[in-house]
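Structure record follows, encoded as structure tokens.
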Protein chains: 2
Amino acid sequence: MTEEETGKINKFDCILASARKLIEQEGFSSFTMDKLANNAGVAKGTIYLYFKDKNDVLENVLKSGFQTMFSRMTDKVEKKETPEEKIKTLIYENLLYIGENKYFFKTVFLDEMHVVFLKKTSQESYNLRRRKYAVFISEIIIKGIDEGIFKNLLDPLKAGFYLISLIKTNAIYNFRNNKVEFNEDLIKSEAAEIFDIFIDGIKN
Amino acid sequence: MTEEETGKINKFDCILASARKLIEQEGFSSFTMDKLANNAGVAKGTIYLYFKDKNDVLENVLKSGFQTMFSRMTDKVEKKETPEEKIKTLIYENLLYIGENKYFFKTVFLDEMHVVFLKKTSQESYNLRRRKYAVFISEIIIKGIDEGIFKNLLDPLKAGFYLISLIKTNAIYNFRNNKVEFNEDLIKSEAAEIFDIFIDGIKN
DNA sequence: TTGACTTATGACTATAAAGTCATTATAATA
DNA sequence: TATTATAATGACTTTATAGTCATAAGTCAA
């Protein structure tokens with residue numbers, strides 16, 4: 001991708017655009033400086049005139065992918081009056097931004113975790129396990145919908161994934177805040193919190 | 001870690017236990033076969049008598065980390081009657097399992113995505129960006145709590161992370177199911193779905 | 001005890017990819 | 001145009017680590 005092709009004026013932006021494109025196409029794990037040089041139409045040494053090292057390239061790609069999102073979102077959200085409207089707007093704007101940068105976010109989101117270190121076939125079995133879990137939850141939800149307890153409006157399988165993500169987020173939050181000591185009471189209250197938000201939402 | 005130390009009878013389990021321990025301690029990115037051999041107290045070649053390659057080791061570590069979880073959970077859940085009780089039990093059992101295998105899940109959950117490819121300092125700035133976003137959401141939620149619209153019972157910052165995870169999960173779900181073509185109507189309905197579940201929950 | 005078979009070893013090879021730097025090309029200036 | 005300064009090059013060096021294999025140690029039946 002030369003300067004004319006990308007429409008970028010300077011080499012920094014040109015290399016960055018190539019890096020992003022490569023990452024979107026092939027993911028983080030197969031991203032190499034040789035490929036980047038080749039793809040950007042410059043010599044390998046040239047990259048090092050504009051970026052400190054590979055980490056610097058990756059950091060800039062991620063930065064550029066996320067940077068406009070936050071400012072655009074806050075602009076839109078702050079125009080709204082009520083907390084509910086603000087949250088509604090935030091969700092919409094966020095999904096819109098993801099849609100506009102779909103190839104970027106597809107890689108960033110799907111190139112998840114350790115999965116990156118596994119071969120394709122192992123990744124598939126890993127994802128199947130997760131899916132099996134979501135299916136199990138979806139069956140419970142379907143039963144609840146049939147009984148009229150749960151809303152009929154949403155894809156039960158997706159709801160299963162939603163619940164899994166809430167549980168995972170809870171764990172990550174506690175890990176990050178060094179609440180590593182799990183006692184039974186703590187787990188009970190955390191579980192009740194997740195249950196409450198999933199079943200009833202945050203509304204009073 | 002020798003056989004006596006791990007309490008495992010055979011080399012396969014001994015090597016596997018060492019691998020898991022190493023991964024728990026240092027993460028996936030710095031896990032090498034040399035370290036494993038050293039840590040397991042066997043020669044490098046010995047590992048290849050019990051495992052096909054590195055991928056095979058990683059796959060087995062992940063498998064062993066997740067395998068009992070699902071069967072244990074289904075057992076407990078199936079004893080419950082109502083869908084609500086089932087979901088409540090599922091969340092509790094899942095958190096309990098994570099707690100029991102905290103070092104394993106800490107690594108698996110925190111060693112997230114592309115972040116693995118970044119240097120420590122870049123990872124921190126990445127996490128700070130995410131946190132900034134969660135703080136922004138938490139401020140909206142706090143306002144809602146003050147106004148009496150939202151429940152007072154939960155940590156607003158955690159709620160922010162919950163919402164972010166719902167949005168991300170929605171995107172991943174659509175990416176996985178190849179719904180890559182985002183049109184405005186689709187985004188609106190997806191946004192409404194997330195809003196509804198976050199505000200009101202899945203209960204009718 | 002011996003010889004056949006199984007298991008283990010670790011020095012070695014192969015390879016991929018990051019990062020360097022002497023050389024060359026291009027641009028700016030006098 | 002000649003001279004200097006700046007930018008670009010890509011062959012080369014370095015490093016890390018996965019995977020191999022000739023050799024050695026251990027086991028066990030006859």
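Numbered from 1 within each chain, the chains take letters A, B, ... in sequence-line order.
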Handout entry: A:F117 and B:F28 aromatic ring geometry - parallel, tilted or perpendicular at 30°/60° bounds
Key =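 Aromatic pair B:F28/A:F117 classed parallel.
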Practice task
Evaluate the ring planes of B:F175 and A:F109, with Trp represented by its six-membered ring, and classify them as parallel (under 30°), tilted (30 to 60°) or perpendicular (over 60°).
Solution key: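 B:F175 and A:F109: tilted rings.
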Which whole-number value in Å describes the distance from [X] [atom1] to [N] [atom2]?
{"X": "A:I47", "N": "C:dC21", "atom1": "CD1", "atom2": "P", "answer": "17 Å"}
{"X": "A:L36", "N": "D:dG10", "atom1": "CG", "atom2": "P", "answer": "15 Å"}
{"X": "A:K35", "N": "D:dG10", "atom1": "NZ", "atom2": "P", "answer": "20 Å"}
{"X": "B:N10", "N": "C:dA8", "atom1": "CG", "atom2": "P", "answer": "11 Å"}
{"X": "A:L49", "N": "C:dC21", "atom1": "CG", "atom2": "C1'", "answer": "11 Å"}
{"X": "B:Y50", "N": "C:dT7", "atom1": "OH", "atom2": "P", "answer": "7 Å"}

Between N or O atoms, less than 3.5 Å apart, protein on one side and nucleotides 21-28 of chain D on the other: list the pairs.
none

Quick one: which protein N/O atoms are closer than 3.5 Å to N/O atoms of nucleotides 17-19 of chain C? Pair and distance per line, please.
residue	atom	partner	partner atom	Å
C:dA18	OP1	A:K54	NZ	2.9
C:dA18	OP2	A:M33	N	2.8
C:dA18	N7	A:K44	NZ	2.8
C:dG19	OP2	A:Y48	OH	3.1
C:dG19	OP2	A:K54	N	3.1
C:dG19	N7	A:K44	NZ	3.0
C:dG19	O6	A:K44	NZ	3.0

Problem - Note, A:I91 side chain near B:N170 side chain (heavy atom, < 4.5 Å) - result: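 No - every pair of side-chain heavy atoms lies 4.5 Å or more apart.
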Practice task
Measure the shortest side-chain to side-chain distance between B:R20 and B:N101 over non-hydrogen atoms and say whether it is less than 4.5 angstrom.
Solution key: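 The answer is yes; the side chains approach within 4.5 Å.
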Handout entry: B:Y173: ring-ring contact (aromatic ring centres under 6.0 Å, His included) partners, not counting sequence neighbours
Key =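 For B:Y173 the ring-ring contact (aromatic ring centres under 6.0 Å, His included) partners, ignoring immediate neighbours, are A:F161.
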Practice task
Consider only side-chain N and O atoms of B:D56 and B:N60, and report whether a donor and an acceptor are under 3.5 Å apart.
Solution key: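 On atom types as modelled, these side chains qualify, holding a pair under 3.5 Å.
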Practice task
Calculate, to the nearest 0.5 Å, the distance between atoms NZ and OG belonging to A:K168 and A:S165 respectively.
Solution key: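 These two atoms lie 8.5 Å from each other.
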Exercise for the section: Give one of base, sugar-phosphate or nothing for B:F51, where a contact means two heavy atoms less than 4.0 Å apart. Expected result: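 Nothing: the residue B:F51, judged by heavy atoms under 4.0 Å, touches no strand.
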Handout entry: Salt-bridge present (B:E100, B:R72; N to O < 4.0 Å)
Key =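 Yes, charged N to carboxylate O under 4.0 Å.
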